[in-house]
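Working notes, structure below.
As a basis for the values below, the full set of heavy atoms in this structure was taken, side chains included, without hydrogen atoms, waters or symmetry mates.
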Amino acid sequence: MVVFKEQLKQKILQILKELAQRKGLDPEGIRAEHLSVENPPKPELGDLAIPLFPFAKVFRMPPQTLSSLVGEELQQKDSLPEGIDRFSIVGPYLNIFLNRSLVTGLLFQQIRTEGDRFGSSSILSSKRIMVEFSSPNTNKPLHLGHLRNDALGESVARILRFSGATVRTVDLINDRGIHICKSMLAYQELGHGRTPEDEGLKSDHFVGKYYVLYNELAKRDPEAEDRARNMLVKWEQGDPEVRLLWEKMNRWAIEGIKRTYERTGIHFDQFYFESEVYLKGKEEVLKGLEKGIFYQEADGSIWVNLEDIGLDRKVLLRSDGTSLYVTQDIGTAISRYKDWPFDVMIYVVASEQNYHFKVLFSILERLGYEWAKNLYHLSYGMVNLPEGKMKSREGTVVDADDLLDELTEMAKEEIRTKEREGEVGDLEGTAGKIALGALHYYLLQPSPSKDIVFNPRESLSFTGNTGPYIQYTGARICSMVRKLDEVPQVKERTGKPSDLNTGEEWELVKLLFEFPAMVEQSAISYNPSLLANYLYEVSKTFSRYYHEHPILFAENPDVAASRVQLSRCVLQVLKNGMHLLNIPFLEVM
RNA sequence: GCGCCCAUAGCUCAACUGGAUAGAGCAACUGCCUUCUAAGCAGUAGGUCGGGGGUUCGAGUCCCUCUGGGCGUACCA
């Protein structure tokens, strides 16, 4: 479809320039960027639309006169360019009707040859892109906020890879700091050496339990905070006992978190640990001080002044010489570039840190790193509850595993209600995939920048504009394809594009042909929501068609075979798109 | 105070990045399962795109301003 649009654009541009020349106007006044090829709002209007408003002024004539003029030129000597059947002039719009069988044939062929690669491209083939996401703390299990982060990061990585980029996904595990010591302290004082197995808890939940216990403890014992702080000091000094405890609890936390990743289909190429990199930025800051990029206050603290670019002054090293969050991020960015030189580095981090990343990127640029301008903060909105923000201390967080369990249970119930346990076979596995589909679609469908409100009652739905609806569309097509054996006269035929004559079929063909452009747009804007909404549109369009027209049992076996072929195209696009959104594909549900 | 983000149907979200009559889902009401899976399809109802200015052939989309909300603005991470 992109090809047609581009060809048409060139053709119209040429016509406009010739027209201008003939009228003694300067053809340079016709600018390519003013010319757009759009999709008309109603299919009856045409397949492609060219608004001619922008050129009315240059030609000093009403746009509708201009559009008829361009139309006449397009049709010179009774022959329209290849692929274009006819055109119509509706006011200022020049609407183009494409040759349906030609376009349909092209789609069939392209999907058949490309299969799982349909929609992929090489637009980013020269790029090495690092994507950092998730970044969990090791004092508690993952929650709904992480799930949005993970869904975005994983999906963006897949989309970029599909667009030809060499992608490396990395996870920076925050395994150090006062919050970690808090759960350690509670365990030391209240744990009695128990293990997750003793309590029958998933290991990260076990650790999280002690973080909650710490907060209860701190309420009745004001000195708990001091003891936690003391533990952090000991940790930094390398106290063997504290380190042992730290290692044990981190192992539990990380093992549990990794199990959740596995469950949600999240993959990382490399893990970084804050405990190993948190000292790295210090010497960079000292170097910057020497070069005069930073300055030192009387108390010894080191600062950067970013007021000239509308930001504030920022401390980079404390007066006692220890480093801060930014310091560490400066260090890790530099060492990552050394590890794996990238063209683009994407940080998937919530919007609350917008300012932090502005500061970080400016500092790196100031330090003279060329690649700093290729750092990108993929910021996304918060996940709130109807009653407000999630707060781990107040126990209002939605736990990731619990949420998935609940969704899985609901999906199982749904399968049982529909009495489809027999067909489905693996009840647990299928329900789990439906749960993931529902979750990932729910999290990826809104634009990343928007805050979302998670209302458990309303959000956990499998009907309407949801992941399972898309999965269901795919499963129904699969089921239909399986039934091909029952109609051998259809099975042995191959479809012909010219057999597809309904408006719904043509709508589908055009929509499916937009898929590669959708992927490309999602890739360059790092925005999976475009794809999510597109897949819904495809499912919706197919469901309507499927309901209106018999496919396997169409009156004519040739028509039936062609419809099957079209359905297979829909299936392929759904499959490819779902993979990019990390929504499991289901043959049966 | 200052900075960034957000505001579209009762609720949750779209709108091809400035184009034709602003679309879906949920919730409500009404039809459709002896017919390729009813997790579906069709219909009814629901809108001064937060208010006001401006830019232009044309604005939900860009600019200004006001209002309301979120997040920042730490020698926390």
**Item:** Distance under 6.0 Å and angle within 45° of ring axis: A/R148 vs A/Y380
**Value:** no

**Request:** Could you check how far NE2 of A/H34 sits from P of B/G19, rounded to whole Å?
**Result:** 15 Å

**Asked** Is A/A49 touching bases, backbone alone, or none of the nucleic acid, heavy atoms closer than 4.0 Å?
**Response** base

**Asked** Rounded to the nearest Å, what distance is computed from the CG atom of residue A/L45 to the P atom of nucleotide B/A20?
**Response** 11 Å

**Message:** Taking the C1' atom in each of B/U61 and B/C49, what is the distance between them to the nearest angstrom?
**Reply:** 10 Å

**Nearest-angstrom distance, P atom, B/C13 to B/A59** = 28 Å

**Request:** Mind running side chain to side chain donor-acceptor pair (under 3.5 Å) on A/W246 and A/D175 for me, showing each step along the way?
**Result:** CA-CA 9 Å; A/W246 173 75; A/D175 61 346; 5.2 Å; no

Contacts table for residues 555-564 of chain A: side-chain donor-acceptor under 3.5 angstrom, sequence neighbours left out:
unit_1	atom_1	unit_2	atom_2	d
A/N556	OD1	A/D558	N	2.7
A/D558	OD1	A/R493	NH1	3.3
A/S562	OG	A/K496	N	2.9
A/S562	OG	A/K496	O	3.1
A/S562	OG	A/D499	OD2	3.3
A/S562	OG	A/D558	O	2.9
A/R563	NE	A/E505	OE2	2.9
A/R563	NH1	A/P550	O	2.7

**Prompt:** In whole Å, what is the span from the CG atom of A/L444 to the C1' atom of B/A14?
**Reply:** 15 Å

**Request:** Let me have a per-nucleotide readout for nucleotides 31-47 of chain B, 5' to 3', with B, S or -, counting only protein heavy atoms under 4.0 Å.
**Result:** -----BBSBBSS-----

**Message:** Under 3.5 Å for both pairing distances: what stems, at least three Watson-Crick or G-U pairs long, include RNA chain B?
**Reply:** B:1-5 with B:69-73, B:10-13 with B:23-26, B:28-32 with B:40-44, B:50-54 with B:62-66

**Message:** Suppose we screen for side-chain contact (heavy atoms from CB on, under 4.5 Å). Which residues come up paired with A/I302, at least two apart in sequence or across chains?
**Reply:** A/V285, A/L286, A/L289, A/F294, A/Q296, A/L317

**Request:** Please list, chain by chain and in numerical order, all residues satisfying salt bridge (Lys or Arg N to Asp or Glu O under 4.0 Å) with A/E423, sequence neighbours excluded.
**Result:** A/R420

**Mutual orientation of the aromatic rings belonging to A/Y536 and A/Y469 [parallel < 30°, tilted 30-60°, perpendicular > 60°]** = tilted

**Message:** Would B/C33 be called syn or anti here, given the cut-off of 90° from 0?
**Reply:** syn

**Request:** Write down the distance between CG (A/L94) and P (B/G19), rounded to a whole number of angstrom.
**Result:** 18 Å

**Length of the line joining A/M518:CE and B/A14:P, which is rounded to integer Å** = 13 Å

**Request:** Assign the ring pair A/H143 / A/H146 to parallel, tilted or perpendicular, where the plane angle (0 to 90°) is split at 30° and 60°.
**Result:** tilted

**Message:** Looking at A/R544 and A/E548, is any side-chain nitrogen of the basic one under 4.0 Å from a carboxylate oxygen of the acidic one?
**Reply:** no

**Asked** When you check the glycosidic angle of B/U17, does it come out syn, meaning within 90° of 0, or anti?
**Response** syn

**Asked** If you measure from the P atom in B/G1 to the same atom in B/C41, how many Å do you get, rounded?
**Response** 49 Å

**Item:** Touch class at under 4.0 angstrom, heavy-atom based, for A/P63 against every strand present
**Value:** nothing

**Request:** Just grab all the side-chain hydrogen bond (donor to acceptor under 3.5 Å, both in side chains) pairs involving residues 512-525 of chain A, residues at least two apart or on different chains.
**Result:** none

**Complete:** Sequence neighbours excluded, the answer for salt bridge (Lys or Arg N to Asp or Glu O under 4.0 Å) partners of A/E409 is A/K412

**Request:** Just jot down the side-chain hydrogen bond (donor to acceptor under 3.5 Å, both in side chains) partners of A/S155, sequence neighbours excluded, or say none.
**Result:** none

**Prompt:** Rounding to the closest angstrom, what is the interatomic distance between B/G10 and B/A77 at atom C1'?
**Reply:** 40 Å

**Asked** Expressed as a whole number of Å, how far does the C1' atom of B/G18 sit from that of B/U44?
**Response** 34 Å

**Asked** A/F357 vs A/Y347 aromatic rings, parallel, tilted or perpendicular, using cut-offs 30° and 60°?
**Response** tilted

**Message:** If you compare every side-chain N and O of A/K57 against the phosphate oxygens of B/U56 (OP1, OP2), does one of them come in below 4.0 Å?
**Reply:** no

**Fill in**
Taken to the nearest whole Å, CZ/A/F513 to C1'/B/C16 is 18 Å

**Asked** Is the aromatic ring centre of A/Y93 closer than 5.5 Å to the centre of the six-membered base ring of B/A20, with the two planes inclined by less than 30°?
**Response** yes

**Request:** Would you indicate what A/N95 reaches in the nucleic acid, counting non-hydrogen atoms under 4.0 angstrom: base, sugar-phosphate, or nothing?
**Result:** base

**Request:** Take atom C1' in B/G53 and the same atom in B/U67, then report the distance between them in whole Å.
**Result:** 15 Å

**Request:** Classify the angle between the aromatic ring planes of A/Y325 and A/H356 as parallel (below 30°), tilted (30 to 60°) or perpendicular (above 60°).
**Result:** parallel

**Fill in**
A/I470 atom CD1 is separated from B/A24 atom C1', nearest whole Å, by 12 Å

**Prompt:** Between A/S529 and B/C13, is there a side-chain N or O to OP1/OP2 distance below 4.0 Å?
**Reply:** no

**Message:** Using a strict threshold of under 4.0 Å (side-chain N to carboxylate O), is an ion pair present between A/R416 and A/E413?
**Reply:** yes

**B/A27 to B/U65 separation - P atoms, rounded to the nearest Å** = 43 Å

**Asked** Which parts of residues 35-43 of chain A get close to RNA chain B, meaning a heavy atom less than 4.0 angstrom away?
**Response** A/E38, A/N39, A/P40, A/P41

**Request:** Could you measure between the two C1' atoms, the one in B/A15 and the one in B/G72, and give it in whole Å?
**Result:** 30 Å

**Message:** Using whole Å, what does the distance between atom C1' of nucleotide B/A24 and atom CG of A/L535 come to?
**Reply:** 15 Å

**Prompt:** For every nucleotide of nucleotides 67-77 of chain B, 5' to 3': is a protein heavy atom under 4.0 Å from its base (B), only from its sugar-phosphate (S), or from neither (-)?
**Reply:** ---SSSS-BSB

**Asked** In chain order, what residues pass the side-chain hydrogen bond (donor to acceptor under 3.5 Å, both in side chains) check against A/E504, with sequence neighbours excluded?
**Response** A/H549

**Message:** My understanding is that only residues two or more places apart in sequence, or in another chain, count here; which of them pass side-chain contact (heavy atoms from CB on, under 4.5 Å) with A/V233?
**Reply:** A/Q237

